[in-house]
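Quick note: numbers below take in every heavy atom, side chains included, and nothing from hydrogens, waters or symmetry partners.
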Amino acid sequence: KLFGKWTTGYVEPPFYADYGCHTEVGDNFYCNHGCVILDCGKVTIGNNVFLAPYVGIYAATHPLDSKARLDYELGSPIVIGDDVWIGANATICPGVT
């Protein structure tokens, strides 16, 4: 199972995900070549969303304190609404809605 929630759409290989189970994808989703989703935080993608080649969606983040950063990773949710096109090589950072 590629995503935690998946209805209709297509993903062009290669595709890379951290977990996949923390990503929810709406209807009519299209993901072009080379996209990456690091979903240690929840990633919600709406209906009719198109990702151009090499889009990176990164819910992963790290503590700012250098000592704490050695011990664990954090995740901040990302929400992408309906009817969105994200252009090639775009980077979506943790916590973006």
A side-chain contact here means heavy atoms from C-beta on lying under 4.5 Å apart; do His22 and Phe3 qualify?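 Heavy-atom side-chain distance check fails, nothing below 4.5 Å.
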
For a 4.5 angstrom cut-off between non-hydrogen side-chain atoms, does Val11 reach Trp6?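 Contact flag for Val11/Trp6 side chains = yes.
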
With clusters defined by side-chain heavy atoms of hydrophobic residues (ILVMFWY) lying less than 4.5 Å apart, directly or transitively, does [Y] cluster with [X]?
X: Ile45; Y: Val36; answer: no
X: Tyr54; Y: Tyr30; answer: no
X: Tyr58; Y: Ile37; answer: no

Looking at NE2 of His62 and SG of Cys40, how far apart are the two atoms once the value is rounded to the nearest 0.5 Å?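 Separation between the atoms: 7.5 Å.
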
Hey, what do you get for CG (Leu2) to SG (Cys21), rounding to the nearest 0.5 Å?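 Result: 11.0 Å between the selected atoms.
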
Can a donor-acceptor pair be found, under 3.5 Å and without considering hydrogens, that links the side chain of [X] to the backbone of [Y]?
X: His33; Y: Pro13; value: yes
X: Arg69; Y: Pro63; value: yes
X: Asp65; Y: Ala68; value: yes

Ring pair (Phe, Tyr, Trp, His ring centres under 6.0 Å) partners for Phe50, two or more places apart: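 Applying ring pair (Phe, Tyr, Trp, His ring centres under 6.0 Å) to Phe50 gives none.
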
Under the ring pair (Phe, Tyr, Trp, His ring centres under 6.0 Å) test, residues paired with Tyr16 that sit two or more places apart: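 Scan of Tyr16 (ring pair (Phe, Tyr, Trp, His ring centres under 6.0 Å), adjacent residues dropped) gives none.
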
Run through Leu38, Val43, Thr44, Ile57 and flag the one making a side chain to side chain contact (heavy atoms under 4.5 Å, CB included) with Thr23.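 That would be Val43; it is the only one of Leu38, Val43, Thr44, Ile57 passing the side chain to side chain contact (heavy atoms under 4.5 Å, CB included) with Thr23.
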
Minimum heavy-atom separation for Gly20 to Ala17, with atom names?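 So the minimum-distance heavy-atom pair works out to N-CB, 4.1 Å.
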
Under 3.5 Å, sequence neighbours excluded: what are the donor-acceptor pairs made by side chains of residues 76-96?
{"residue": "Asp82", "atom": "OD1", "partner": "Asn47", "partner atom": "N", "Å": "2.7"}
{"residue": "Asp83", "atom": "OD1", "partner": "Asn48", "partner atom": "ND2", "Å": "3.1"}

Has Leu64 got more than 12 heavy atoms of other residues, nucleotides or ligands less than 6.0 Å from its CG?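 No - once you tally the heavy atoms of other residues, nucleotides and ligands closer than 6.0 Å, there are 12 at most.
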
Using a distance-only test with no angle check, is there a side-chain donor-acceptor pair under 3.5 angstrom linking Thr7 and Asp27?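 There is such a pair between these side chains.
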
Apply side chain to side chain contact (heavy atoms under 4.5 Å, CB included) to residues Phe29 and Leu51 and explain how you reach the verdict. CA-CA 8 Å; Phe29 173 67; Leu51 305 182; 3.8 Å; yes

Is the centre of the Phe15 ring less than 6.0 Å from the centre of the Tyr10 ring?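 Here the rings of Tyr10 and Phe15 have centres that are no less than 6.0 Å from each other.
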
